[in-house]
Amino acid sequence: MLERIARERVATLFLVTVIVLLLVGMAAPGFLSARTASIIWSNGLVLMLVALGIFPVILTRNIDVSGGSVLGLSAVTLGLTVNAGAPLPVGIAAALGAGAAAGALNGGLVALLGVPSIVATLGTLGLFRGVMLIATGGEWIEELPQGVKDLADKGFFGLSAIGIVALAVIVVVWLVLRTRRGRWIFAVGDNREAARHLGLPVRRIEFFAFVWAGLMYAIAGIAFAAQIGFVPNQAGSGLELRAIAALVLGGISLLGGVGSVAGVVIGVIFFTSIDTALVFLKIPAYWNDLIGGAMLLAVLLIDGRLRIALEARDRAARYRRGGTQPSKSRDLEEAA
Amino acid sequence: MTSVLAELGRVSKSYGNVPVLKGVDFEVRAGEVHALLGGNGAGKSTLMKILAGLIAPSAGRVSIGGAPLSPATPAQAQAMGLYLVPQEAHIFPNQSVLENICIGLPRRAEAYRTRIRDLIAELGVALSPDAKASTLEIADRQVVEILRGLVREAKVLILDEPTSALTPHEVETLFERMRALRETGHGLVFISHKLHELRAVSDRITVLRDGYVMHSAKMSESGDAEILAAMSPGVGALRERRADRARAERKTLEVTGLCGEGFVDISFDLHHGEVLGLTGVVGAGRTELAETLVGLRPRAGGKIALEGRPFLARTPREAVRQNVVILSEDRQQYGLFLDAPLFWNTSSLVHYLLPFVLRPSAERARFEGYRKTLGIKCETADQPVRSLSGGNQQKVLLSKCLAAKPRVLILDEPTRGVDVGARNDIYELIEQLADAGTAVLLISSDFDEVVRLSDRIAVMAGGHLVGALAGGSSTDEIAQLAFESKEAAHA
């Protein structure tokens with residue numbers, strides 16, 4: 001039992017999420033409905049996209065804390081271009097381009113210049129936010145055209161356009177990680193020197209992880225703008241830390257080389273479910289951070305203790321095995 | 001005339017202004033094992049990394065299979081049929097053995113499963129392709145590296161100190177595999193510090209010193225003295241074992257019926273000024289025993305007395321305060337702070353003796369003292385340990401232990417990865433310590449070393465103490481005890 005819980009983090013977290021939802025459902029009738037599910041999905045969309053962006057970066061044992069700023073920068077790029085009269089596809093392309101360029105800058109600093117990723121992205125975190133503020137003169141971008149807002153409108157089977165894109169991204173990441181090259185991403189994070197020895201293009205893999213992250217933040221920025229219909233000057237601020245927390249919760253190791261897409265998805269859904277449940281329980285929104293943080297700590301603490309207990313048990317078992325073999329030989333001596 | 005599989009011509013390499021290789025010629029021929037010998041810092045590893053495409057040479061030619069290595073990348077070298085098995089196996093702990101072997105290959109891992117199963121059978125090893133790599137023993141990790149080379153159809157395999165973590169029995173198995181590879185027309189480069197190992201399998205020997213080739217000839221035509229002189233003039237062979245000495249009656253450490261992780265019912269005495277050799281094969285429980293003595297592992301039962309008084313260290317700190325000190329077998333992982341200055345490392349075990357506000361000048365002076373007695377080669381006391389060669393790192397590690405003024409000094413594999421020159425220094429130091437009254441527990445898998453240094457020898461197998469021998473016993477006697485007991489344990 002213990003073993004299952006510790007070894008299958010994703011399944012356990014899924015169970016915990018279900019239990020929490022059921023409990024909330026009992027306390028607040030009407031909570032358990034397709035409508036709530038749809039709310040959780042759309043509330044979690046932006047976080048999901050940011051998390052899916054950071055995911056490969058963390059797998060390669062790097063970190064990217066510039067996600068919130070890149071999101072803001074991309075949303076502003078979209079807003080400025082479409083408000084200047086450009087057609088929506090052009091706006092979207094510009095936003096994606098901004099995200100990819102930001103990612104390439106991060107990737108270049110880390111993979112080509114060898115700057116530690118935490119240092120590089122802390123720097124660009126401020127840099128990108130600054131570029132965004134200068135571009136807007138510190139103003140909010142309001143009155144986005146209807147076309148942008150339509151992207152968040154439910155259409156196809158209750159899914160919005162950006163919802164479908166997010167689903168597609170989940171499938172793409174899942175598929176890519178199952179390929180031969182996908183495994184390289186794990187390998188770089190697991191043992192960078194070994195990957196280099198085996199001739200894997202380590203720097204290129206790291207670079208592309210960051211570019212991918214930038215692209216995902218850009219899609220998250222578009223989703224963000226579509227959902228709320230305007231772009232505040234602090235758009236996305238702090239989101240990267242929530243995304244990293246969700247990843248950790250979903251069993252993605254910050255030491256690299258370990259994690260699954262299912263873990264990303266369930267980690268994000270767990271976080272969003274709690275926020276949504278609090279609304280139903282009529283707990284003021286300013287409680288969200290405290291409760292979310294406490295839940296994260298609780299899960300990680302329990303998980304950590306379980307692992308330690310399990311390791312101690314494995315160790316004891318290993319030495320018991322080692323000890324039984326010689327005891328036989330002692331029997332032989334006694335018999336002799 | 002045998003064909004040349006890989007060749008280095010007039011290869012030079014400098015880091016900044018420091019030349020490491022100064023025009024080295026080297027070749028690997030089909031069906032030959034080429035021994036490469038040299039002290040720490042002689043340039044062996046650099047030379048092999050150049051051949052494997054991991055480092056670009058400053059000047060000179062590199063060719064594999066008759067064609068120049070271009071571009072100089074590991075992927076290209078592997079594609080041209082050369083694989084470097086590094087000293088410390090590079091594994092991906094979170095992936096399976098199969099994935100570890102196949103990563104970087106053009107097809108998916110599953111496509112190579114049968115081929116790898118065949119290779120595992122050919123090598124005669126017990127290794128499951130589906131085991132998680134983090135569960136593998138050191139020797140098996142090395143097998144994973146060799147398999148990587150074989151799956152890549154490498155004609156040239158470079159083995160960088162493959163025996164340093166192996167027991168004599170495993171070494172013999174490795175040699176058989178190497179001979180088998182030689183028969184099938186592979187060319188091998190074998191790097192080791194141990195001359196008798198090189199002699200056992202090699203056809204040709206090249207000795208490097210200070211970036212030059214000092215000697216290169218057929219193994220059968222090279223005498224030991226000639227080789228040693230080429231490697232480090234003035235040192236000669238390892239010094240002879242000193243004469244037997246009368247054992248002091250004073251018991252420093254008495255261990256009675258000690259049980260713990262991986263060993264049961266261990267009893268022995270360690271006398272004042274004595275070197276007690278504790279040997280056996282890897283997994284015999286020696287390191288576990290040592291770590292239990294100093295409080296790194298929990299004790300399950302039994303008694304320990306230090307100079308007649310009960311001794312119980314629950315943490316290493318308590319042990320150090322009573323001057324019971326261990327030198328860890330893995331200096332990189334457990335012994336040294338690699339990026340910290342040399343003098344920090346020397347003070348690190350006695351940190352609780354340092355004043356509240358540190359006095360670096362006093363610490364530097366302490367280091368300076370040890371630098372002289374141990375002969376540590378360095379530029380300043382402030383350079384990081386990482387910048388030193390293996391032998392000098394080991395001496396810094398020793399200085400750390402000595403700073404704690406040990407009454408009982410436990411040395412776990414004190415000369416692993418250390419060249420002959422530094423090894424001699426360390427042997428001499430151990431003898432001086434014993435003469436000054438320190439009780440030394442010497443743990444080593446190198447039977448020659450144990451015989452060379454010990455006043456008495458204890459052999460462990462499968463967690464038991466299986467025998468005690470007098471100093472000066474032969475290595476055969478030790479091997480018999482260590483292996484036969486092991487086999488009995490498995491029966």
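Just the heavy atoms: all of them, side chains too, but no hydrogens, waters or symmetry mates, feed the values below. Every chain is numbered from 1, with letters handed out A, B, ... down the list of sequences. Please read these numbers as outputs of a predicted model, since none were measured by experiment.
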Chain B interface, residue from A:Glu193, A:Arg180, A:Arg181 that has the most non-hydrogen pairs under 4.5 Å: A:Arg180
How many angstroms lie between atom CZ of A:Arg183 and atom CD of B:Glu99, to the nearest 0.5 angstrom? 3.5 Å
The interface call for A:Thr179 against chain B, heavy-atom contacts under 4.5 Å, is backbone
Could you look at A:Arg192 and say if it's the side chain, the backbone, both or neither that has a heavy atom under 4.5 Å from chain B?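 Neither part.
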Specify which of B:Ala75, B:Ala52, B:Ala77, B:Pro93 makes the most heavy-atom pairs with chain A at under 4.5 Å. B:Pro93
Checked B:Ala79, B:Gly53, B:Pro106, B:Ala89 vs chain A; the most non-hydrogen pairs under 4.5 Å come from B:Pro106
What part of B:Arg152 gets within 4.5 angstrom of chain A, counting heavy atoms only: side chain, backbone, both, or neither?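 Contact with chain A is through the side chain of B:Arg152 alone.
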Is it the backbone or the side chain of B:Gln78 that comes under 4.5 Å from a heavy atom of chain A, or both, or neither? side chain
B:Asn94 side chain vs A:Val258 backbone, donor-acceptor pair below 3.5 Å: no
Please give me the minimum heavy-atom distance between B:Arg108 and A:Arg178, naming the atom from each residue. NH1-O, 2.8 Å
What closest approach, in Å, do B:Gln95 and A:Ala187 show between heavy atoms, and which atom pair accounts for it? NE2-N, 3.6 Å
Residue pair A:Leu198 / B:Phe92, side-chain heavy-atom distance below 4.5 Å: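 Side chain of A:Leu198 against side chain of B:Phe92, heavy atoms only: contact under 4.5 Å found.
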Do the non-hydrogen side-chain atoms of B:Ile103 and A:Trp184 ever get within less than 4.5 Å of each other? yes
